[in-house]
Chemist: 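Pasting a structure below so you can have a look.
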Amino acid sequence: MGQIIDFQSNGKTASGYVAEPSSLKGGIIVLQEWWGLNDHIKDLCDRFAEQGYLSLAPDMYDGQIAAEPDEAGKLMMALDIAQSAKKLNGAVNYLIEKTSKPIGTVGFCMGGALSLFAACNEGDRVAACVDFYGIHPAIEYNWENLSAPVLGLFAEHDDNVNPNIPLHEENLSKYGKKFEFHIYPDTSHAFFNDTNVSNYNQDAANDAWEKVLHFYNEHI
């Protein structure tokens with residue numbers, strides 16, 4: 001359904017995968033796991049487009065895709081956060097120009113952290129933020145600038161991510177932000193990824209998908 005496109009980012013050109021809906025509800029930025037902009041993320045863009053959302057997955061690794069966890073971890077840790085903020089800003093600009101209204105963000109694993117990062121950076125230009133078990137140790141959030149409500153979706157068994165949940169709740173509450181967090185029992189990290197055979201949980205993934213669509217229908 002979609003295609004690779006170029007968009008402007010801080011005076012330069014960035015690339016990403018975009019999927020266009022037949023009838024437009026709004027725009028969504030879809031942010032990759034630590035693996036890169038792979039077929040799973042492209043498929044999610046297509047699924048959101050089927051629901052009426054112009055969906056853009058910016059390529060945060062500029063064409064690199066990891067096949068093994070060690071490689072993915074190295075790519076994630078090498079991510080330039082300041083440059084990523086500029087790329088995310090360009091992606092937001094692209095979707096707002098196309099839709100003429102604030103947009104949503106969603107991300108998974110590393111992308112979950114980037115989804116929240118973008119929403120904090122972009123203020124009222126982001127109308128809804130979804131964080132699937134987000135994590136990146138180098139990202140710091142401008143909580144005060146966050147305008148969008150946040151939907152957080154987490155796995156019960158996720159030792160790397162879950163210590164961040166109470167910290168996020170504390171900061172979101174401190175600044176009076178709207179948020180809703182769900183922790184799915186008997187699940188592990190990446191439970192939403194249907195290409196991850198060992199961790200995928202169909203029941204949890206289906207429920208999370210319905211929650212995300214309801215959230216976007218309410219706020220975008």
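Scope of the values below: all heavy atoms of this structure, side chains included, with no hydrogens, waters or symmetry mates. Nothing fancy with the numbering, it's 1 onward along the sequence.
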Chemist: Not counting sequence neighbours, list each pair that qualifies as a side chain to side chain donor-acceptor pair (under 3.5 Å) and has a residue in residues 71-94.
Modeler: D62-K87, N89-N93, N89-E122, N93-R125
Chemist: For E68, check side chain to side chain contact (heavy atoms under 4.5 Å, CB included) against everything at least two apart and list the hits.
Modeler: none
Chemist: Do any N or O atoms from the side chain of Y53 and from the backbone of I29 form a donor-acceptor pair under 3.5 angstrom?
Modeler: no
Chemist: Shortest non-hydrogen contact from L151 to F215?
Modeler: N-CZ, 3.8 Å
Chemist: Let me check something: do F181 and Y133 share a hydrophobic cluster, defined by ILVMFWY side-chain heavy atoms less than 4.5 Å apart, either directly or through other members?
Modeler: yes
Chemist: Which pairs, with at least one residue in residues 99-125 and sequence neighbours excluded, count as a ring pair (Phe, Tyr, Trp, His ring centres under 6.0 Å)?
Modeler: F108-F132, F108-F192
Chemist: Under 4.5 Å between side-chain heavy atoms, hopping through other hydrophobics if needed: is there a path connecting I5 to I65?
Modeler: no
Chemist: Could you list all the side chain to side chain donor-acceptor pair (under 3.5 Å) pairs where at least one residue sits in residues 135-159, not counting sequence neighbours?
Modeler: D158-H189
Chemist: Work out which heavy atom in C45 is nearest to a heavy atom in A57; give both atom names and the distance.
Modeler: SG-CB, 3.6 Å
Chemist: I need the single residue from L37, V18, I41 that forms a side-chain contact (heavy atoms from CB on, under 4.5 Å) with V30. Which is it?
Modeler: I41
Chemist: Can you name the nearest heavy-atom pair linking A127 to P102, along with the distance?
Modeler: CB-CB, 3.8 Å
Chemist: In Å and rounded to the nearest 0.5 Å, what is the CE to OG distance from M60 to S15?
Modeler: 10.5 Å
Chemist: Just say parallel, tilted or perpendicular for the rings of F191 and Y184, cut-offs at 30° and 60°.
Modeler: tilted
Chemist: Taking only residues at least two apart or on different chains, which pairs with a member in residues 31-48 satisfy salt bridge (charged side-chain N to carboxylate O under 4.0 Å, His left out)?
Modeler: none
Chemist: Just jot down the side-chain hydrogen bond (donor to acceptor under 3.5 Å, both in side chains) partners of E180, sequence neighbours excluded, or say none.
Modeler: H182
Chemist: Name all residues meeting the side-chain hydrogen bond (donor to acceptor under 3.5 Å, both in side chains) criterion together with K211; count only those two or more places apart in sequence or in a different chain, and write none if there are none.
Modeler: D207
Chemist: Using every non-hydrogen atom in the two residues, find where G27 and T99 come nearest and quote the distance to one decimal.
Modeler: N-CG2, 3.8 Å
Chemist: Between side-chain atoms of residues 163-173 and protein atoms elsewhere (two or more places apart, or another chain), which donor-acceptor pairs fall under 3.5 Å?
Modeler:
unit_1	atom_1	unit_2	atom_2	d
N171	ND2	L167	O	3.0
S173	OG	E169	O	2.8

Chemist: Could you measure the distance from the CG atom of D131 to the CG atom of L116? Nearest 0.5 Å is fine.
Modeler: 6.0 Å
Chemist: Search all heavy atoms of A155 against all heavy atoms of T187 and return the closest pair with its distance.
Modeler: CA-OG1, 3.2 Å
Chemist: Nearest 0.5 Å please: distance from the CD atom of Q51 over to the CG atom of L213.
Modeler: 5.0 Å
Chemist: Under the salt bridge (charged side-chain N to carboxylate O under 4.0 Å, His left out) test, which residues partner D186, sequence neighbours left out?
Modeler: none
Chemist: Does some side-chain heavy atom of N121 sit less than 4.5 Å from a side-chain heavy atom of L88?
Modeler: no
Chemist: Side chains of F7 and K98: closer than 4.5 Å at any heavy-atom pair?
Modeler: no
Chemist: Is there side-chain contact between L153 and V212, with heavy atoms separated by less than 4.5 Å?
Modeler: yes
Chemist: Hey, does V126 have a side-chain heavy atom less than 4.5 Å from the side chain of I103?
Modeler: yes
Chemist: Measure the CG-CD1 distance between N162 and I135 for me, rounded to the nearest 0.5 Å.
Modeler: 9.5 Å
Chemist: Only pairs at least two apart or in different chains count here, so list each side chain to side chain donor-acceptor pair (under 3.5 Å) that has a residue in residues 194-206.
Modeler: N193-T195, N196-S198
Chemist: Find out whether H219 and C129 are in side-chain contact, i.e. whether some heavy atom of one side chain is under 4.5 Å from a heavy atom of the other.
Modeler: no
Chemist: Sorted by first residue and then second, give each ring pair (Phe, Tyr, Trp, His ring centres under 6.0 Å) pair with at least one member in residues 14-43; sequence neighbours left out.
Modeler: none
Chemist: For L114 versus L31, what's the shortest heavy-atom pair and its separation?
Modeler: C-CD1, 3.7 Å
Chemist: Strictly distance-based, threshold 3.5 Å: is any side-chain N or O of K25 a donor or acceptor partner for the main-chain N or O of I220?
Modeler: no
Chemist: Can you list every pair that meets side chain to side chain donor-acceptor pair (under 3.5 Å) and has a residue in residues 104-114, with sequence neighbours left out?
Modeler: T105-S115
